[in-house]
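Written below as structure tokens is the structure these notes are about.
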Amino acid sequence: MGWTAGNAVRMANAQTEALEKPPGLFQLISSLNDPDVRRSLHFFIGTMRIIGRQMKNN
């Protein structure tokens, strides 16, 4: 999992650096049509839910 996350960050960083300008709001919203984006957002939100639950119990 650690290698996958590190590799994903390196790849995303390279793609971001290659952009001439940052994407606009509508471009970002349209990326939600990509199933891979939705899958990763679901993973991120689920992770944040678990962390929030654990913080509440402390």
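Residue indices begin at 1 and follow the sequence shown.
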Counting only N and O atoms by type, is there a donor-acceptor contact under 3.5 Å from the side chain of Q54 to the main-chain atoms of I51?
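Judged by distance alone, no pair lies under 3.5 Å.
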Heavy-atom count around M48 CE within 6.0 Å, excluding the residue itself: above 12?
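It does: M48 CE has more than 12 such atoms within range.
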With sequence neighbours excluded, residues passing salt bridge (Lys or Arg N to Asp or Glu O under 4.0 Å) with R39
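Expected list: D36.
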Pairwise side-chain contact, L19 with Q15, heavy-atom cut-off 4.5 Å (strictly under)
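SC-SC contact between L19 and Q15 ruled out.
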I need the [X] [atom1] to [Y] [atom2] distance, nearest 0.5 Å.
X   : Y   : atom1 : atom2 : value
S31 : N33 : OG    : CG    : 8.0 Å
R49 : H42 : CZ    : NE2   : 7.0 Å
M11 : N13 : CE    : CG    : 12.0 Å

Output every pair passing salt bridge (Lys or Arg N to Asp or Glu O under 4.0 Å) with a member in residues 14-34, not counting sequence neighbours, ordered by first then second residue.
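Listed by first then second residue: nothing to list.
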Which ILVMFWY residues are connected to I50, directly or by a chain of links, through side-chain heavy atoms under 4.5 Å apart?
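Reading the cluster by chain and number, I50 sits alone, since nothing else belongs.
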